[in-house]
Amino acid sequence: MSGHDAIEVISAKRDRHELSDSQIDWVIDAYTKGVVADEQMSALAMAILLNGMTRREIARWTDAMIASGERMDFSTLSRPTADKHSTGGVGDKITLPLAPLVAACGVAVPQLSGRGLGHTGGTLDKLESIPGWRAALSNQEMFAQLESVGAVICAAGAELAPADKKLYALRDVTGTVEAIPLIASSIMSKKIAEGTGALVLDVKVGTGAFMKDVDQARELAETMVALGTGAGVHTVALLTDMSTPLGLTAGNAIEVAESVEVLAGGGPADVVELTLALAREMLAGAGRDDVDPADKLADGSAMDAWKQMIRAQDGDPDAALPVARESHVVTAPSSGVLTRLDAMAVGLAAWRLGAGRARKEDPVQAGAGVVWHARPGDDVTQGEPLFTLLSDDEHRFARALESLEGGFDIEPAGTSFEATPLVIDRIG
Ligand code: URA
């Protein structure tokens, strides 16, 4: 395509014009090929962040990013496919129990995941704490595993929406991650290219999420549902609370251990509730709402699918998980009811302990993270453990403790406490 140049496209968006289809197609293609330079795309991304995009522009931008790479096709599998995507939260290990659970219900889950950046963890980082487990699969291996096990969680290959890979890395260092058109097109280009038949979006709202308020989260969810539906993917979104971290752990190996508890029929109530809510949506989207996923947790078939899924990627599901070399216990400063536990404070503490990374090439510590021993609504006793901090490096504890300061409230015993609902709304 010709007839366009970067300055023309940047100026159009700077001056609040709607970009044409051919401008969008050209700029994504030219950026992927290196004809549009990083500094030009940065300026365009900032103009989009400040001036927004219409739904038509977002849909075209998404299509152009899909067209930058390959599109997978699972239509010849013997079962329907469904996937979920979370916009990212603290202690959000739901993919781990969810993928094998849905597979155990007869629906295949082709989950292409990422590594974490910043205070929210990445699914691949968590799974890589399992001895031997391998994130990189060829398309053939992925297809074969979907047919045999029914669930795959692996790294997205370089050929899937390469324009997004380049643009996301650029947004990360130019203050342009938070633009709703860019977030929606980034997520949906990958999910549509991945070839899933049904998609459930878990859009997080609260201090620990990208979207701090419910109106922004609803706009993001509606935008993504429209993109998915327009592309022929059965798409729904749940808005879920991320002001409190999920479960009782944030880290890598410790989140795997908590997920295995859920698969064994136990685990924290909120993790079980959200896993089942998302599983029901995925099954409904794939036309299998005749199956109750709670039965598959109870009868051990979800656990069997988990073990098969881990083994198929060379992991040992029965091996001991790595343990951090050092630990530090924080006790409750007073007795009463825990009325608030801030997701961002916990996420930052886990990150500072070594569970997350500051730059995308940094390693993560498998054993690092935070365990909290009470959830909002629980009674706590002065001097009893409230948090356990885990890290391979003792020097990390001081900064992690700083991030927990002001991150929780304990009120006198008997203070009434009303839990916020986990699932806030459903769109689709
Ligand atoms: N996750 C993505 O994949 N892209 C974004 O832009 C934000 C979150």
Side-chain angles (χ1 to χ4, degrees), residues 28 31-32 41-42 44-50 52-53 57-59 61-66 68-69 72 83-90 92 94-95 110-126 135 153-196 199-206 208-212 216-228 231 233 235 237-240 242 343-344 347 351 356-357 360:
I28 296 285
Y31 179 59
T32 309
M41 195 51 142
S42 311
L44 180 58
M46 186 58 83
I48 292 169
L49 182 135
L50 295 172
M53 272 180 156
E57 287 175 292
I58 302 172
W61 186 274
T62 305
D63 285 346
M65 293 215 292
I66 296 169
S68 73
M72 303 183 80
D83 193 11
K84 83 108 196 198
H85 179 86
S86 157
T87 57
V90 177
D92 185 1
I94 304 293
T95 292
Q111 162 89 220
L112 297 175
S113 285
R115 291 189 168 74
L117 197 62
H119 73 281
T120 62
T123 299
L124 300 182
D125 294 324
K126 299 179 215 281
I153 303 173
C154 66
E159 284 309 307
L160 197 95
D164 176 64
K165 287 201 175 63
K166 218 176 153 186
L167 180 56
Y168 191 70
L170 185 73
R171 287 165 57 211
D172 202 40
V173 293
T174 55
T176 52
V177 168
E178 287 84 355
I180 286 179
L182 296 179
I183 298 175
S185 55
S186 167
I187 292 172
M188 294 306 293
S189 62
K190 286 172 287 195
K191 289 292 156 183
I192 296 166
E194 168 196 277
T196 186
L199 178 65
V200 179
L201 299 160
D202 181 2
V203 179
K204 301 288 189 196
V205 194
F210 269 130
M211 300 291 133
K212 310 291 179 201
Q216 272 183 317
R218 191 170 282 116
E219 189 189 335
L220 176 62
E222 284 170 354
T223 307
M224 291 196 291
V225 169
L227 287 172
V233 180
T235 310
L238 298 184
L239 300 190
T240 73
M242 189 29 72
M344 189 58 164
W351 180 67
R357 50 170 70 80
K360 66 177 186 311

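First listed ligand is number 1; within each ligand, the first listed atom is number 1.
Lys204 and Asp202 are joined by a salt bridge, as a carboxylate oxygen and a charged side-chain nitrogen come within less than 4.0 angstrom of each other.
Considering both main-chain and side-chain atoms, Arg171 comes within under 3.5 Å of ligand 1 through a nitrogen or oxygen pair. Between Ser186 and ligand 1, a contact under 3.5 Å exists for at least one N or O pair. Inclusion of Lys190 in the set of residues having an N or O under 3.5 Å from an N or O of ligand 1 is warranted.
Across all their heavy atoms, Met41 and Leu170 have their closest contact at CB-CD2, 3.6 Å. Nearest heavy-atom pair across Thr223 and Ile180 is OG1-CG2, 4.2 Å.
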Self-check item: Step-by-step side-chain hydrogen bond (donor to acceptor under 3.5 Å, both in side chains) determination, Thr196 to Lys191
Solution: CA-CA 7 Å; Thr196 186; Lys191 289 292 156 183; over 6 Å; no
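At least one heavy atom of Ile183 sits less than 4.0 Å from an atom of ligand 1.
For atom 5 (C) of ligand 1, the closest non-hydrogen atom of the protein is Tyr168 CE1, 3.2 Å. Nearest protein neighbour of atom 8 (C) of ligand 1, counting heavy atoms only, is Phe210 CE1, 3.5 Å. The protein non-hydrogen atom at the shortest distance from atom 1 (N) of ligand 1 is Ile187 CG1, 3.8 Å.
Looking at Thr87, its side chain never comes within 3.5 Å of a backbone N or O of Val203 through a donor-acceptor pair. Judged by distance alone, with hydrogens and angles left aside, the side-chain atoms of Lys190 form no donor-acceptor pair with the main-chain N or O of Ile66 at under 3.5 Å.
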